[in-house]
Amino acid sequence: MLNVAVFASGRGSNFRAILDNIDRGEIKARISIIISNRSDAGIFNIAQDRNIPYRHINPSDYTTEKDYCSEVLSLLDECSVGLIVLAGYLKKIPSEIITQYRNRIMNIHPALLPAFGGQGMYGMKVHQAVVEYGAKVTGVTVHFVDEEYDHGPIILQEPIGVDDDDTPELLAEKVLSVEHRVYSRAIKLFAEDRLSIDGRRVYVKNNKGK
Ligand code: GRF
């Protein structure tokens, strides 16, 4: 069974959707640890309700990045984590952790990368930028995490039309409901070992292994 670590900084609605899909038997995985840099993250309430282990680990509380990395890496090791899922995690993952978990860290971005991504592009800022730019299409991107912001190999994308009367808030709602479905799909594919990676390209095998 795949052990998943979820890193989050906020409310955790993606996490809740993933958990529901695990409960339904759609995703063959277990959430073995939740890590947040914020002690007041909403996701901790869900973790408490559901009896899932969680830890508040804030990189700024460590004297060096190395100390922070060894704390996180030993926790991940203890929990035999096979996949790290970033769900609204606002801190950059240090390269030491990326190297150890290469192509085993996923992130979701609420736009179609490489548009409207990169450092500082998170939350409502993304939807504001999409509306201000006048883009007709936005969407959802799930990708593996590499050393650059919003840059690693793309696993799944789904477009969403921008309507004339869409505000950033309306768009955020539409995008979030698609995120919940697409993120679970990507984790399911990973758990079933149906993703293969060649450079930047991620191939999805069908359920017959082809
Ligand atoms: C989502 O919009 C996700 O795309 C972004 O952060 C938000 C997290 O929302 N990376 P939630 O905490 O899962 O509700």
Side-chain angles (χ1 to χ4, degrees), residues 4-23 26-27 29 31 33-50 52 54-59 83-93 97-98 105-131 135 137-162 166-188 190:
V4 177
V6 175
F7 285 42
S9 302
R11 68 194 154 182
S13 73
N14 274 287
F15 163 64
R16 194 188 284 275
I18 293 161
L19 207 51
D20 287 347
N21 281 308
I22 290 177
D23 289 346
E26 267 299 305
I27 305 173
I31 308 288
I33 184 79
I34 294 164
I35 297 176
S36 181
N37 58 307
R38 297 189 52 149
S39 57
D40 60 350
I43 196 170
F44 282 163
N45 299 328
I46 311 174
Q48 263 169 350
D49 287 351
R50 302 293 302 266
I52 298 171
Y54 60 92
R55 282 278 297 276
H56 169 224
I57 303 183
N58 186 359
L83 176 69
I84 299 172
V85 166
L86 308 186
Y89 188 64
L90 297 178
K91 293 276 176 189
K92 198 162 194 280
I93 303 293
I97 298 177
I98 295 174
I105 309 176
M106 280 186 191
N107 182 42
I108 189 155
H109 185 76
L112 291 180
L113 292 175
F116 304 110
Q119 186 163 12
M121 271 299 208
Y122 61 87
M124 284 306 291
K125 291 186 188 177
V126 179
H127 307 297
Q128 256 149 15
V130 167
V131 169
V137 183
T138 183
V140 164
T141 303
V142 181
H143 63 96
F144 285 116
V145 170
D146 70 5
E147 285 77 0
E148 285 176 54
Y149 278 106
D150 297 329
H151 176 265
I154 292 173
I155 304 164
L156 294 174
Q157 285 189 304
E158 190 166 310
I160 298 160
V162 181
D166 269 337
T167 59
E169 290 74 18
L170 284 172
L171 209 51
E173 263 177 56
K174 280 197 219 173
V175 171
L176 193 63
S177 67
V178 176
E179 285 186 48
H180 293 163
R181 177 165 45 75
V182 175
Y183 216 178
S184 285
R185 170 98 186 128
I187 296 163
K188 177 183 168 70
F190 186 94

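In each ligand, atom 1 is the first atom listed, and ligand 1 is the first ligand listed. One-based numbering along the sequence shown.
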[atom1]-[atom2] distance between [X] and [Y], expressed to the nearest 0.5 angstrom:
X	Y	atom1	atom2	answer
K188	I22	NZ	CD1	11.5 Å
S13	I46	OG	CD1	8.0 Å
T138	K174	OG1	NZ	10.0 Å

Based purely on interatomic distance, does [X] place a nitrogen or oxygen under 3.5 Å from a nitrogen or oxygen of ligand 1?
X	result
H109	no
L176	no
F15	no
N14	yes

Closest approach of any protein heavy atom to [atom], naming residue and atom:
atom	answer
atom 3 (C) of ligand 1	E179 OE1, 3.0 Å
atom 10 (N) of ligand 1	I108 O, 3.1 Å
atom 12 (O) of ligand 1	G12 N, 2.9 Å
atom 6 (O) of ligand 1	G88 CA, 3.3 Å
atom 9 (O) of ligand 1	R11 NH2, 3.3 Å

(message) Show me which atoms of ligand 1 lie under 4.0 Å from any heavy atom of P110.
(response)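 So the atoms of ligand 1 that pass are 4 (O).
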Is the backbone of [Y] close enough, under 3.5 Å, to the side chain of [X] for a donor and an acceptor to pair up by distance?
X	Y	value
K92	E147	yes
T141	L113	yes
Y183	M106	yes
H151	V145	no

